[in-house]
Amino acid sequence: MQQEHLFKVLVVGDLGVGKTSIIKRYVHQIFSQHYTATIGVDFALKVLQWDNDTVIRLQLWDIAGQERYGNMTRVYYREAVGALVVFDVTRASTFEAVLKWKDDLDSKVTLNHGRPVPAVLLANKSDQIACQLPKLDSFCRENGFLDWFETSAKENTNIKEAARCLLEHILNNE
Ligand code: GDP
Ligand code: MG
């Protein structure tokens, strides 16, 4: 029998890091230089045939406009089972904000039994020249990220891989 899962996954990070672009690339296979930032929360649904007997309905929650405040309301986080935390490799300030986003996530939502929601770090715009960054392997270990991926929404690099990594952990948490 087919099993169907519905997973709510949040995409967070500072303004302009590429959250909307990553979602559009992953869900609709498109990239554009210009997405008008609609204010509020936006959803995209990606349906994945994970294996022969598992279908995943992945609900990706985008944010717009509220990034500038650096945190979101509990309503936005409610029932999330995973998160993609995005920064822009060309802007150090967006990397510095990553821990603020991770703290906001962990303080507002947990899985059953109080375990933290699994989060994957995305170093986006990897098609551009990166600024100086610390070693991301140890950064992830120390700060509770599952893993990190160098992504490019523009060139379609590593987005599927990052989503797969997160989904594997989410399925293991079920
Ligand atoms: P958001 O505010 O986090 O949703 O960021 P957007 O998705 O709106 O992207 C902000 C800008 O960065 C847009 O001009 C995008 O075209 C651009 N952008 C997003 N991802 C990439 C990428 O991987 N590479 C490059 N070069 N530009 C990107
Ligand atoms: Mg956006």
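Being a predicted model, the structure only gives us computed values, none of them experimental.
In terms of heavy-atom proximity, Y76 sits nearest to K8 at O-NZ, 2.7 Å. What you find for P118 and I170 is that their closest heavy atoms are CG-CG1, 4.1 Å. In terms of heavy atoms, C165 sits closest to L146 at O-CD1, 4.4 Å. Residues N158 and E150 come closest through the heavy atom pair ND2-O, 3.0 Å. Pairing each heavy atom of L111 with each of A80, the nearest pair is CD2-O, 4.2 Å. Scanning both residues, A153 and I159, for their nearest heavy atoms gives CA-CD1, 3.7 Å.
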Quick one, V11 with T20, criterion side-chain contact (heavy atoms from CB on, under 4.5 Å). Give me CA distance, side-chain angles, the key distance, then yes/no. CA-CA 9 Å; V11 184; T20 303; over 6 Å; no
What do the steps show when you test V120 against W148 for side-chain contact (heavy atoms from CB on, under 4.5 Å), and what is the final call? CA-CA 6 Å; V120 168; W148 67 279; 6.0 Å; no
Would V85 and L122 count as a side-chain contact (heavy atoms from CB on, under 4.5 Å) here? Give the steps. CA-CA 6 Å; V85 182; L122 304 192; over 6 Å; no
Which is it for L48 and V55 under the side-chain contact (heavy atoms from CB on, under 4.5 Å) test, yes or no, and what are the steps along the way? CA-CA 6 Å; L48 292 140; V55 173; over 6 Å; no
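K160 forms no cation-pi arrangement with Y26, by the criterion of a distance under 6.0 Å to the ring centre and an angle within 45° of the ring axis.
By the neighbour-count criterion of 12 heavy atoms within 6.0 Å, atom CG of L45 is densely surrounded, having more than that number from other residues, nucleotides or ligands. More than 12 non-hydrogen atoms from other residues, nucleotides or ligands lie less than 6.0 angstrom from CD of Q29. In R115, the CZ atom is crowded: over 12 heavy atoms of neighbouring residues, nucleotides or ligands sit closer than 6.0 Å.
Look at K100 and D104 and you find no salt bridge, because none of the NZ, NE, NH1 or NH2 atoms lies under 4.0 Å from a carboxylate O.
In this pair, F139 and F145 present their aromatic rings parallel. The plane angle is below 30°, not in the 30 to 60° band.
The main-chain N or O of S152 is never found under 3.5 Å from a side-chain atom of Q128 such that the two would form a donor-acceptor pair. Distance alone, capped at 3.5 Å, is enough to place a donor-acceptor pair between the D51 side chain and the T54 backbone.
Checked against D88 for a salt bridge (charged side-chain N to carboxylate O under 4.0 Å, His left out), the options K19, K125, K154 give a single hit: K125.
Using modelled atom types, one finds a donor on one side chain and an acceptor on the other under 3.5 Å when comparing T151 with N124.
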